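Below: the structure, in structure tokens.
Note that the structure is predicted; figures quoted are calculated from it, not measured.
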Amino acid sequence: MTTQVKHYIDGQFILGQGEQQISVTNPANNEQIAVINSATVEEVETAVASAKVAFKSWKEVPVSERARVMFNYQHLLKAHHDELATILAQETGKTFDDAKGDVWRGIEVAEHACNIATLMMGETVENVARSIDTYSYTQPLGVCAGITPFNFPAMIPLWMFPLAIACGNTFVLKPSEQDPMTPQRLVELFEEAGAPKGVLQLVHGDKVAVDVLLNHKDIKAISFVGSVGVGQYIYKTGTDNLKRVQAFAGAKNHCVIMPDANKQQVINNLVGASVGAAGQRCMALSVAVFVGAAKEWVPELKAALAKVKPGLWDDKNAGYGPVISPAAKARVLSLIEQGKNEGAECLLDGSEFTVSGYETGNWIGPTMFTKVTTEMSIYKEEIFGPVLCCMEADSLEEAIDIVNDSPYGNGTSIFTASGAAARKYQHEIEVGQVGINVPIPVPLPFFSFTGWKGSFYGDQHAYGKQAVRFYTETKTITSRWFESQISEAEHAAPNMT
Ligand code: NAD
């Protein structure tokens, strides 16, 4: 029996009534493991209406009680960590350790949401004028929505709904249709944590469901994570409809390798950060810029990449899993072909790689190009596969220019032993998240996830203090009480003797 993916609408787990059926497949062999009956327009509207009703009472729940739901949730997520990682690994193909990491990064955000009382504190100034005080409160917006990608089906939904809900909002989640079972389990556990019915809703589907949310008058804010084109569409349509929108989009992350860096550290880090998770990370290092003599390390890097073997999620020796779908595989293979045709040198070609017994899976072996230039498709496009593009620069200044000319600005790293080079890089680089001898500098949840340029459309970023600003309004109150009111109050007081 195929598993039927459930929506969670108005406090009930239900099968959708939409005509469209979407197959959820195991990327290791493309066999169907579940099916989604997508939500109808009316079902998505019911979810929003139910979230609107729930908002009226949820916003009145004291902040410490809301935090207690988050404490329960964090506890449940930890207790179900392995179970969640198993579901996630089966539908994404990620290795079990990588799947555990995906869940763990989400748990850390739920943990952060436990601090909501402190995070929501406003500001006060006494005596802004004689006897006048000004203070501010942060108040929730109403119904918020989240639209999430396939590549982190636990972490990214958890970037969004725990903080939005802890702030006092209600939330409609529309996760990726390619791996919906992990988000479904996250939602079941949220209900078990004591969240009242209606506070969180889950609808599955594709553009049809997204468009209802984008155009719905009762949705106040939209959080999106996904590809560039869709991110631009979501940002434009959402803001056109006068909603608050944060849209995290695609990336092309560079690392700069100085000749004074620790060679072994560079090679180990680059292997994991480029082809780990089959390169399907928005913070993957997909371009390596070797400065000066550092280019001599390329053969050793190639040898290290060649040792990485993709495999099944429960194979302890697997370096990473398959890419998510046949369409994703076809796209990556076509970019590899374009790289060859456009004159890059393909030192390592994973196009033909397969896993014995799983030949129908979406496998791509580690792939490495040198002599890559900024005009090539493999440089300009986000490949989102296990492909590393190598370039050379004569100086740190030239490397910085290459990175700053990229339209994207999600993450970058520099490997060096020089504090001065690292300081120059962190100061001049036009990228929102910078690693110094750290390959994937994703900030922990007490900071925010701060992609720049074409990797982010909006103002306030995910988690940290910025997410609380995104999911709240500030109300500023200026108050004056008159001395004469003290004696009036005394007269008005009942005589207790
Ligand atoms: P995607 O854009 O295809 O899908 C993301 C979401 O949008 C899904 O829920 C999908 O159903 C919906 N969607 C797809 N097409 C749509 C359309 N035409 N109209 C409305 N909604 C639509 O992205 P993906 O392939 O699932 O995820 C991979 C992408 O996400 C990569 O580009 C990656 O860089 C990016 N990403 C970015 C970050 C970040 O923080 N910047 C993090 C993770 C992933």
Spatial distance of atom [atom1] ([X]) from atom [atom2] ([Y]) [nearest 0.5 Å]:
{"X": "Met120", "Y": "Leu163", "atom1": "CE", "atom2": "CG", "answer": "10.5 Å"}
{"X": "His427", "Y": "Ile400", "atom1": "NE2", "atom2": "CD1", "answer": "10.0 Å"}
{"X": "His112", "Y": "Leu158", "atom1": "NE2", "atom2": "CG", "answer": "13.0 Å"}
{"X": "Glu111", "Y": "Met70", "atom1": "CD", "atom2": "CE", "answer": "13.5 Å"}
{"X": "Leu213", "Y": "Ile234", "atom1": "CG", "atom2": "CD1", "answer": "9.0 Å"}
{"X": "Asn151", "Y": "Thr148", "atom1": "CG", "atom2": "OG1", "answer": "9.5 Å"}

With a 4.5 Å limit on heavy-atom distance, are the side chains of [X] and [Y] in contact?
{"X": "Lys295", "Y": "Thr370", "answer": "no"}
{"X": "Ser448", "Y": "Pro443", "answer": "no"}
{"X": "Phe96", "Y": "Thr86", "answer": "yes"}
{"X": "Asp179", "Y": "Leu88", "answer": "no"}
{"X": "Phe456", "Y": "Gln246", "answer": "yes"}
{"X": "Ile378", "Y": "Ile383", "answer": "yes"}
{"X": "Gln178", "Y": "Ser325", "answer": "yes"}
{"X": "Gln201", "Y": "Thr170", "answer": "no"}

Please say which of Glu342, Met391, Lys340 ends up in a side-chain contact (heavy atoms from CB on, under 4.5 Å) with Phe369.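 That would be Lys340.
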
Go through His81 and Ile107 one step at a time and tell me if the side-chain contact (heavy atoms from CB on, under 4.5 Å) criterion holds. CA-CA 9 Å; His81 192 168; Ile107 292 176; 4.2 Å; yes

For the residue pair [X] and [Y], is the inter-centroid distance of their aromatic rings smaller than 6.0 Å?
{"X": "Phe447", "Y": "Tyr463", "answer": "no"}
{"X": "Tyr8", "Y": "His204", "answer": "no"}
{"X": "Phe290", "Y": "Trp297", "answer": "no"}

Hey, does the side chain of [X] reach the backbone of [Y] with a donor-acceptor pair shorter than 3.5 angstrom?
{"X": "Thr450", "Y": "Gly432", "answer": "yes"}
{"X": "Lys94", "Y": "Trp313", "answer": "no"}
{"X": "Ser176", "Y": "Pro149", "answer": "no"}
{"X": "Glu177", "Y": "Asp206", "answer": "no"}
{"X": "Asn362", "Y": "Pro322", "answer": "no"}
{"X": "Thr239", "Y": "Leu242", "answer": "no"}
{"X": "Lys302", "Y": "Leu348", "answer": "no"}
{"X": "Asn72", "Y": "Ala193", "answer": "yes"}
{"X": "Gln433", "Y": "Asn410", "answer": "yes"}
{"X": "His461", "Y": "Ala467", "answer": "no"}

Quiz question: by atom type and distance under 3.5 Å, do the side chains of [X] and [Y] form a donor-acceptor pair?
{"X": "Thr95", "Y": "Asp97", "result": "no"}
{"X": "Tyr425", "Y": "Thr416", "result": "no"}
{"X": "Glu473", "Y": "Gln139", "result": "no"}
{"X": "Lys243", "Y": "Tyr235", "result": "no"}
{"X": "Asn30", "Y": "Tyr358", "result": "no"}

Should the pair Lys371-Glu345 be classified as a salt bridge under the 4.0 Å nitrogen-to-oxygen rule?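 A salt bridge is present here (some side-chain N lies under 4.0 Å from a carboxylate O).
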
Carboxylate-amine/guanidinium contact Glu375 Lys380, below 4.0 Å: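 No, no charged N to carboxylate O under 4.0 Å.
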
I need the full list of side-chain hydrogen bond (donor to acceptor under 3.5 Å, both in side chains) pairs touching residues 267-291, with sequence neighbours left out, sorted by first then second residue. Gln264-Asn268, Gln265-Asn269

For [X], look at atom [atom1] and say whether over 12 heavy atoms of other residues, nucleotides or ligands are found less than 6.0 Å away.
{"X": "Glu123", "atom1": "CD", "answer": "no"}
{"X": "His75", "atom1": "NE2", "answer": "no"}
{"X": "Asp394", "atom1": "CG", "answer": "no"}

Could you please spell out the steps behind the side-chain contact (heavy atoms from CB on, under 4.5 Å) verdict for Leu186 and Leu77? CA-CA 8 Å; Leu186 293 177; Leu77 289 172; 3.8 Å; yes

If you look at every heavy atom in [X] and [Y], which pair is closest and at what distance?
{"X": "Pro157", "Y": "Ala154", "value": "CD-O, 3.4 Å"}
{"X": "Thr367", "Y": "Gly350", "value": "OG1-N, 2.9 Å"}
{"X": "Val69", "Y": "Ala195", "value": "CG1-N, 4.0 Å"}
{"X": "Leu141", "Y": "Lys220", "value": "O-CG, 3.5 Å"}

Measure the acute angle between the ring planes of [X] and [Y], then classify it against the limits of 30° and 60° as parallel, tilted or perpendicular.
{"X": "Trp159", "Y": "Phe248", "answer": "perpendicular"}
{"X": "Phe190", "Y": "Tyr73", "answer": "perpendicular"}
{"X": "Phe384", "Y": "Phe150", "answer": "perpendicular"}

Dump the intermediate steps for side-chain hydrogen bond (donor to acceptor under 3.5 Å, both in side chains) on Thr138 and Tyr471, then the final yes or no. CA-CA 9 Å; Thr138 45; Tyr471 292 124; over 6 Å; no

Start with the C-alpha distance between Phe224 and Val230, add both sets of side-chain angles, then the distance that settles side-chain contact (heavy atoms from CB on, under 4.5 Å), and finish with yes or no. CA-CA 9 Å; Phe224 168 84; Val230 182; 3.7 Å; yes

Set out, in order, the CA-CA distance, both residues' side-chain angles and the distance that settles salt bridge (Lys or Arg N to Asp or Glu O under 4.0 Å) for Arg423 and Glu428, then state yes or no. CA-CA 9 Å; Arg423 169 66 175 69; Glu428 293 183 12; over 6 Å; no

The criterion is side-chain hydrogen bond (donor to acceptor under 3.5 Å, both in side chains); which residues satisfy it with Ser455, sequence neighbours excluded?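 Result, side-chain hydrogen bond (donor to acceptor under 3.5 Å, both in side chains) vs Ser455: none returned.
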
How far apart are the C-alpha atoms of Leu335 and Gln338, what are their side-chain angles, what is the distance that settles it, and do they pass the side-chain contact (heavy atoms from CB on, under 4.5 Å) test? CA-CA 5 Å; Leu335 278 160; Gln338 287 179 60; 4.1 Å; yes

Who pairs with Arg185 by salt bridge (charged side-chain N to carboxylate O under 4.0 Å, His left out), at least two apart in sequence or on another chain? Glu83, Glu188

